[in-house]
Engineer: 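Below is the structure I would like to discuss, written out as structure tokens.
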Amino acid sequence: MTAPSVRLGVDIGGTFTDVVLEKDGVPFSTKVLTTYAAPENAIIEGMHQVCTKAGVTPSQVGQIIHGTTLATNALIERRGAKTALITTEGFRDVIEMRTESRFEQYDLNLNLPDPLLPRQMRFTVAGRVDANGQILVDIDRAEVEAVVDRIATAGFESVAVGLIHSYLNPTHEQMVRDVLAERLPDVAVSISSEVSPQMREYERFNTVVANAYIKPLMASYLGRLEDRLKGEGVSCRIFLMHSGGGIISIQNAAEFPVRLVESGPAGGAVFAAHIAARYGLDKVLSFDMGGTTAKICLIKNQTPKTSRVFEVARTYRFKKGSGMPISIPVIDMVEIGAGGGSLAHVDALRQIRVGPESAGSEPGPACYGRDGTRPAVTDADLVLGKLDPDNFAGGSIKLHPDQSRAALSRHVGEALDMEAVEAAFGVAEVVDENMANAARVHAVENGEDLSDYTMIAFGGAAPLHAGRLAEKLGVARLLVPPGAGVGSAIGFLRAPFSFEANRSVYMKLSDFDGERIKSLLSDLKAEATGFVRTCDEVSPILSEFKVYMRYTGQGWEIPIELTEGQAMAPDAATFEARFIEDYTKLFGRPVAGMDIEITVWSVNATTPPESVARMAETPGTATAPSAGARRLFDAAAGRFLDADVVNRFDMASGDRAIGPAAVVEDETTIIVPASRDAIRQPDGCIDVITKGAAQ
């Protein structure tokens, strides 16, 4: 399908809404403060700004691709619809009992997070399906009707249906949905056999509950957005970025809004993968830092690492296991509360802590002058000379250094007997070390050495911190692409139409059934392709096959990729060889003498990726033109240094800015530490490398 000549990418973040318009491949972008009460207002405002810059009218926009944190925020803030859960008798408390895992093993006073739905909102029905999908006890329609009548009396707005082993046999769930449709036609319904047809009832029930919880909210928002855009003369189709890194229709997004959780960060990972392809990089660390959070993702062979389970709303210092598990295809990344708006304080142990609480856009950091009194990371960056108070966000937001110093002194300095600058240094180092530690742990968990990686940084705050982060991680090369401040929104415009269908069917290799496997994968391929065809009726569709395998007795699986030939002509020896190969890479050696089992089967249907031309790089020999100087605090030196200020758009290809330096633009500022230099590459990327290092 030929792409429209005018396309719009929109990313709603916790602080800013980023809008990018591409006209015949030329980008025009802006950042506007997110309007929480009505997020569509910021989109309309940003659209008008970029249309004016591009010299087009909103009616000329031919495609809109949108990603948002609204679904994530609704789950974190517990502000979704009044939701009921209908589950199998005896399993009412699964989402509260969780699993046997303790995310803080030695904390005797550990408080587990509350389930999304309290017990009085969870209802049960008799009926039972076994682990092979056979019906042991049939479901009684009269009993279901009685439960639905109780739900109607209580005034619920949305209902989640999660029955035991419905991923193998959905007939009971479908019958419950039919009763709900007949008796409560205005109530939203989500069934787990469609939302997340995978084994493990805790994760599956949580996922369908989350989908039901945010479904009315997202349907209302998407409906309002469509109406507002039509009122502005925009008649094109609207698509949504999903958490797996592809694009789905607005109708599918409204039906499965849980797939929009993490859609913004997914766009950023797609953006970084596109840059990696342009530079021929096979090992990339994607670093996305915005106003509220920082996201770190490993990208190998120009493809972001993916997972099928992740957590939302971690409650205990972002520890694994302390959040709400969501079982959907997702780009695997680490997310921590370290954004420009993350608030700093001193805890009872007299240690500086940053995040996860954020100032957001209302009131924002103290320096915004919007009645914010607590210091945020942006306040520390301003005091350390990383930001120009007169040219923040292209001069649209005037910053107040005096208010930053006052907030840092009051909330950090007084407790620790520090001046404002020392307090700012402490805040910046804590947030940088938090991010560096998260990246180290993520790399170790995946068996990777980050010293072999190139960092790609984007998001409004990332270029301010990426240089120091690279120093801490021992990463020699950092790329900051054009449009870094709105990287996720650009990533939306690079993403393919895609949808991943998966299903749990347990099978041991000793019981390998090739015909059954072929039929299952063919069904999944047809299902995934059908979703993509609702977005794109003409483009060729590629299929990517994956199975999740483990040794018998192990608790979790590893993903094994298959070619289409291996999937459509399944052979036990091939499956075993592929598993042993990947298992050995991850854990060092296989386990002899144990049977192997498959638990989940997956097919991702996708339109072909955008072709990317390999770029010829320049070593950088000319000196970049200076636009002035400023005093810039260098963390490695622990003091202020004289630094050049270089306008990014004044740099020609091959120009080199000698660190310390600040490379400035409207949407962000690239801080080049004293240990590094910055080279402008032919495509506009700023290539920050260690002094004396070869590219």
Side-chain angles (χ1 to χ4, degrees), residues 4 6-22 28-54 56-77 79-81 157 188 213-242 247-267 290-292 360-362 364 393 396 460 486 488-493:
V6 180
R7 306 169 72 215
L8 195 72
V10 180
D11 177 30
I12 297 181
T15 304
F16 286 99
T17 292
D18 300 339
V19 182
V20 174
L21 182 145
E22 277 193 349
F28 303 86
S29 63
T30 190
K31 298 174 80 74
V32 296
L33 288 172
T34 296
T35 49
Y36 287 99
E40 63 273 16
N41 291 346
I43 294 177
I44 300 301
E45 180 185 347
M47 179 183 69
H48 281 293
Q49 290 185 18
V50 293
C51 282
T52 299
K53 290 181 179 181
V56 300
T57 63
S59 62
Q60 293 175 262
V61 175
Q63 186 183 76
I64 296 177
I65 302 173
H66 178 23
T68 175
T69 60
L70 294 177
T72 311
N73 293 343
L75 292 172
I76 292 172
E77 298 167 15
R79 53 175 180 84
E157 304 167 88
Y213 188 73
I214 61 177
K215 193 172 183 178
L217 171 77
M218 293 305 298
S220 173
Y221 163 68
L222 293 173
R224 294 197 317 269
L225 177 61
E226 275 193 302
D227 291 342
R228 286 293 305 277
L229 288 168
K230 286 178 182 176
E232 298 292 332
V234 179
S235 58
C236 67
R237 292 188 68 184
I238 304 169
F239 299 97
L240 275 294
M241 186 79 183
H242 63 69
I247 304 166
I248 55 175
S249 68
I250 195 170
Q251 293 79 17
N252 288 330
E255 185 65 24
F256 302 108
V258 74
R259 292 223 177 194
L260 303 181
V261 175
E262 299 298 296
S263 64
T292 306
S361 61
E362 300 169 2
S396 62
V486 292
S488 288
I490 296 175
F492 299 161
L493 302 177

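In what follows, every heavy atom counts, from backbone to side chain, and hydrogens, waters and symmetry copies are set aside.
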Engineer: Search all heavy atoms of Lys215 against all heavy atoms of Pro257 and return the closest pair with its distance.
Structural biologist: CA-CG, 3.7 Å
Engineer: So which heavy atom on Phe492 is nearest to which on Ile247, and how close?
Structural biologist: O-CD1, 3.8 Å
Engineer: Atom OG1 in Thr68, atom CG in Leu225: separation rounded to 0.5 Å?
Structural biologist: 9.5 Å
Engineer: Using side-chain contact (heavy atoms from CB on, under 4.5 Å), reason through Leu229 and Glu40 one step at a time and then give a plain yes or no.
Structural biologist: CA-CA 9 Å; Leu229 288 168; Glu40 63 273 16; over 6 Å; no
Engineer: Please answer whether the main-chain N or O of His48 pairs with a side-chain N or O of Thr52 as donor and acceptor at a distance below 3.5 Å.
Structural biologist: yes
Engineer: Give a yes or no answer on whether the side chain of Ser488 reaches the backbone of Gly264 with a donor-acceptor pair at less than 3.5 Å.
Structural biologist: yes
Engineer: Would you give the length of the straight line joining atom CD1 of Ile43 to atom CG of Asp18, rounded to the nearest 0.5 angstrom?
Structural biologist: 11.0 Å
Engineer: Short question: side chain of Thr34, backbone of Phe16 - any donor-acceptor pair under 3.5 Å?
Structural biologist: yes
Engineer: Take Glu45 and Thr35 through the test side-chain contact (heavy atoms from CB on, under 4.5 Å) and record every step on the way to the result.
Structural biologist: CA-CA 10 Å; Glu45 180 185 347; Thr35 49; 5.6 Å; no
Engineer: When rounded to the nearest 0.5 angstrom, what is the spacing between CG in Leu217 and CG in Leu222?
Structural biologist: 9.0 Å
Engineer: Identify the two heavy atoms, one from Ala81 and one from Pro216, that lie closest to each other, and give their separation to 0.1 Å.
Structural biologist: CB-CG, 3.5 Å
Engineer: Taking all heavy atoms of Val61 and all of Cys51, pick out the closest pair and write down the distance.
Structural biologist: CG2-SG, 4.3 Å
Engineer: Hey, does the side chain of Tyr221 reach the backbone of Ala38 with a donor-acceptor pair shorter than 3.5 angstrom?
Structural biologist: no
Engineer: Report yes if the side chains of Ser263 and His66 come closer than 4.5 Å at any heavy-atom pair, otherwise no.
Structural biologist: no
Engineer: Going from OG on Ser29 to CD on Glu22, what distance comes out if it is rounded to the nearest 0.5 angstrom?
Structural biologist: 10.5 Å
Engineer: Keeping Thr30 on the side-chain end and Val50 on the backbone end, is there a donor-acceptor pair under 3.5 Å?
Structural biologist: no
Engineer: Can you tell me how far the CD atom of Gln63 sits from the CD1 atom of Ile238, to the nearest 0.5 Å?
Structural biologist: 11.0 Å
Engineer: I want to check something: taking the side chain as every heavy atom from C-beta on, are Thr17 and Val10 in contact at a cut-off of under 4.5 Å?
Structural biologist: yes
Engineer: Determine yes or no for a side-chain-to-main-chain donor-acceptor pair under 3.5 angstrom, with Lys31 supplying the side chain and Val486 the backbone.
Structural biologist: no
Engineer: So, for Leu260 and Leu240, which heavy atoms are closest and what is the spacing to 0.1 Å?
Structural biologist: CD2-CB, 3.8 Å
Engineer: Does Glu226 reach the main-chain N or O of Gly223 with its side chain, forming a donor-acceptor pair under 3.5 Å?
Structural biologist: no
Engineer: Looking only at heavy atoms, which two atoms of Ser249 and Phe239 are closest? And how far apart?
Structural biologist: CA-CD2, 3.9 Å
Engineer: Could you give the distance from CG (Leu21) to CE (Met47), rounded to the nearest 0.5 Å?
Structural biologist: 9.5 Å
Engineer: Quick one: does Arg228's side chain have a donor or acceptor within less than 3.5 Å of a partner on Ile44's backbone?
Structural biologist: no
Engineer: Do Met218 and Leu70 come within less than 4.5 Å of each other through their side chains, counting heavy atoms only?
Structural biologist: yes
